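Working notes for the structure below.
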2 protein chains.
Amino acid sequence: MNPTPRQKQILDFVTRSIDRRGFAPSIQEICDHFDLSSTATVHKHLKNLAARGLLNRESHRSRALEVPSAHAPEPVEIPLLGRVAAGVPIEAISNPDTISIPADWLGRGERFALRVRGDSMIDAHIEDGDVVVVERRETARDGDTVIALVDDAEATLKIFRSQADGRVRLEPRNESLKPMVFEAGRVRIQGAVVGVLRRYDRRS
Amino acid sequence: MNPTPRQKQILDFVTRSIDRRGFAPSIQEICDHFDLSSTATVHKHLKNLAARGLLNRESHRSRALEVPSAHAPEPVEIPLLGRVAAGVPIEAISNPDTISIPADWLGRGERFALRVRGDSMIDAHIEDGDVVVVERRETARDGDTVIALVDDAEATLKIFRSQADGRVRLEPRNESLKPMVFEAGRVRIQGAVVGVLRRYDRRS
DNA sequence: AGAGTATAGGCGAAAGAAAAGCGAACGTTC
DNA sequence: GAACGTTCGCTTTTCTTTCGCCTATACTCT
């Protein structure tokens with residue numbers, strides 16, 4: 001059985017909390033996180049989640065929450081789909097390499113990685129050679145760092161801005177490069193950057 | 001079943017202790033480490049951990065603790081030893097949190113992580129809030145990005161330069177900050193930065 | 001259409017259980 | 001006998017559970 005939106009929020013929070021810290025949150029902590037004022041509310045949510053089989057609990061034990069492993073065999077590897085700004089749509093890569101990422105960087109959505117080419121985001125402190133971890137999405141919120149495809153021709157790493165006139169502005173973060181504005185139809189979002197990995201010890 | 005926060009702290013301590021020394025700590029040692037005054041408290045924790053299946057014990061045998069490895073399949077985790085530039089020597093942190101890193105970032109040496117505070121390395125594109133992965137070392141090569149302890153008082157993130165006069169120069173990467181030069185004896189290298197992790201999706 | 005009813009989401013307060021701690025005494029093992 | 005581990009009663013703190021009451025929304029039965 002599927003959770004309500006609210007229940008999903010809470011379930012996600014519990015899940016994240018467990019793999020981030022190694023233990024489940026207390027009811028009070030969940031309360032605080034969602035800005036609720038009564039523990040009774042959270043308790044009810046947990047009860048409902050358990051009734052739907054989305055959560056296992058042990059009565060009267062503190063922090064005794066377990067998320068039944070829907071996401072059990074977590075691969076800590078994701079595909080490395082080439083280089084951004086290399087002029088190829090993401091889907092087009094057929095035999096991707098893979099790259100390891102921190103286990104807790106896996107989110108709910110599909111994630112992939114791209115190696116950054118060039119300095120177009122240098123002022124956001126993303127360097128040439130860095131790897132960006134991207135969550136596949138087709139929409140973006142204002143200010144997101146995205147992989148965008150313009151006219152299905154070139155994947156680029158930019159800041160996403162939706163303008164008042166309905167068009168889309170893609171901003172680099174480099175003084176010497178200018179933002180570009182496109183009709184919304186010409187821009188396809190491929191994903192949003194959720195993290196950056198940089199290694200110093202493998203640079204020959 | 002998940003541990004409580006306290007139980008996880010103790011479990012982590014036991015695990016690290018076994019890793020480092022080859023044998024488990026005594027109850028008294030755990031007591032001392034957590035500044036507790038009664039061994040009964042620790043004993044209770046160990047009992048509870050065993051009840052949750054997170055620890056195997058042999059009754060009445062000293063230091064007979066075992067952490068079931070089933071629970072740790074491939075957790076590529078390293079200790080997160082606080083914040084650099086926070087004025088505390090690395091060794092002094094007693095109850096480190098841990099953080100996940102990519103599986104292939106483990107090298108031959110011991111590695112740990114630090115959260116970066118401040119913008120002293122901003123021109124090297126290391127931002128406030130980033131996590132640096134550090135390989136523990138006591139020496140550095142010219143140009144390495146290092147965690148250095150000056151007068152055993154403050155851990156800082158700098159570029160390491162050894163000067164012709166035998167002294168050591170620690171260079172920030174921030175226009176508004178100046179390099180500092182010290183007698184070699186005053187500077188203790190704690191490790192060299194091997195990578196940077198940055199997340200955008202967990203900044204709530 | 002309106003009445004009834006079920007479910008989700010929420011509040012606050014109070015009750016009660018578990019976790020975490022203490023000190024001291026008691027057992028085991030080597 | 002020394003060093004450890006174990007048990008007991010007791011306190012405080014943290015967490016969970018329950019109760020009554022409220023508001024919505026959606027679904028069903030006249």
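No hydrogens, no waters, no symmetry mates; every other heavy atom, side chains included, goes into these values. Chain letters run A, B, ... following the sequence lines, proteins first, then strands; residues in each count from 1. All values reported here derive from a predicted model rather than from experimental measurement.
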Query - End axis versus end axis in the helix from C/dA1-D/dT30 to C/dA25-D/dT6, the angle rounded to 10°, five pairs used at each terminus - result: 40°

Report summary line: So the salt bridge (Lys or Arg N to Asp or Glu O under 4.0 Å) pairs with at least one residue in residues 32-54 of chain B (sequence neighbours excluded) are none

Report task. Rounded to the nearest angstrom, tell me the gap between atom CD1 in B/Ile30 and atom P in C/dG21. Result -> 12 Å

Requested in this report: Take the protein atom CD1 of A/Ile27 and the nucleotide atom P of C/dA19, then report the distance between them rounded to whole Å.
Outcome: 14 Å

**Report entry** Min side-chain heavy-atom separation A/Val168-A/Leu170 under 4.5 Å
**Finding:** yes

Query raised in the report: According to a strict under-4.0 Å criterion, is B/Arg6 in side-chain N/O contact with OP1 or OP2 of D/dT14?
Result: no

Requested in this report: Please identify each residue that fulfils salt bridge (Lys or Arg N to Asp or Glu O under 4.0 Å) with B/Glu183, with sequence neighbours left out.
Outcome: B/Arg167

Query - Whole angstrom value for the distance that separates P of C/dG12 from CD of A/Gln28 - result: 12 Å

**Report entry** Basic-acidic side-chain contact under 4.0 Å: B/Asp12, B/Lys8
**Finding:** yes

Query raised in the report: Reckon A/Ala64 touches a base, only the sugar-phosphate, or nothing at all at heavy-atom distances under 4.0 Å?
Result: nothing

Requested in this report: Counting heavy atoms from C-beta on, name the nucleotide in D/dT17, D/dT6, C/dC22 closest to the side chain of A/Arg57.
Outcome: D/dT17

Report task. State whether B/Ser37 places a side-chain N or O below 4.0 Å from either non-bridging phosphate oxygen (OP1 or OP2) of C/dG23. Result -> yes

Query raised in the report: Does B/Arg52 make a side-chain N or O approach to OP1 or OP2 of C/dA19 shorter than 4.0 Å?
Result: yes

Requested in this report: Would you name the heavy atoms of B/Ile10 and B/Leu49 that are closest together and state the gap between them?
Outcome: CG2-CD1, 4.2 Å

Requested in this report: Send over the distance from A/Gln7 CD to C/dT7 C1', rounded to a whole Å.
Outcome: 10 Å

Query raised in the report: Got a sec, which residues hit salt bridge (Lys or Arg N to Asp or Glu O under 4.0 Å) with B/Glu66, two or more places apart in sequence or on another chain?
Result: none

**Report entry** Listed once per pair and sorted, the ring-ring contact (aromatic ring centres under 6.0 Å, His included) pairs that draw on residues 128-161 of chain A, sequence neighbours left out
**Finding:** none

Query - Whole-Å distance separating the CD atom of A/Glu29 from the P atom of D/dT13 - result: 18 Å

Requested in this report: With sequence neighbours excluded, tell me which residues meet side chain to side chain donor-acceptor pair (under 3.5 Å) with B/Arg141.
Outcome: none

Requested in this report: Measure the distance from CG on B/Asn2 to C1' on C/dA18 and round it to the nearest whole Å.
Outcome: 16 Å

**Report entry** Nearest-Å distance for atom pair CG/C1', residues B/Leu36 and C/dA19
**Finding:** 13 Å

Report summary line: Residues in residues 41-50 of chain B with a heavy atom under 4.0 Å of DNA chain C, by number, are B/Thr41, B/Lys44, B/His45

Query - ring-ring contact (aromatic ring centres under 6.0 Å, His included) against A/Phe34, all qualifying residues, sequence neighbours excluded - result: A/Phe13

Shorter than 3.5 Å, N or O on both sides, protein versus nucleotides 26-30 of chain C: list them out with atom names.
residue: C/dT28; atom: O4'; partner: B/His60; partner atom: ND1; Å: 3.4

Report task. From the options D/dT7, D/dT16, D/dT6, select the nucleotide whose nearest atom is closest to the side chain of B/Ala40. Result -> D/dT7

Query raised in the report: When you check the phosphate oxygens OP1 and OP2 of D/dT16, does a side-chain N or O of A/Arg63 lie under 4.0 Å from one of them?
Result: no

Query raised in the report: Does A/Glu171 have any side chain to side chain donor-acceptor pair (under 3.5 Å) partners at least two apart in sequence or in another chain, and if so, which?
Result: A/Arg169, A/Arg173

Query raised in the report: Can you list the residues that meet the side chain to side chain contact (heavy atoms under 4.5 Å, CB included) rule with A/Ser62, with sequence neighbours excluded?
Result: B/Thr4

Query - side chain to side chain contact (heavy atoms under 4.5 Å, CB included) involving A/Glu138 - partner list, sequence neighbours excluded - result: none

Report task. Would you please confirm or rule out a distance under 4.0 Å between OP1 or OP2 of C/dG9 and any side-chain N or O of A/Thr4? Result -> yes

Query - Presence of donor-acceptor pair under 3.5 Å, side chain of B/Ser38 and base of C/dG21 - result: no

Query raised in the report: A/Asp32 has an atom CG; how far is it from atom P of C/dC11, in whole Å?
Result: 12 Å

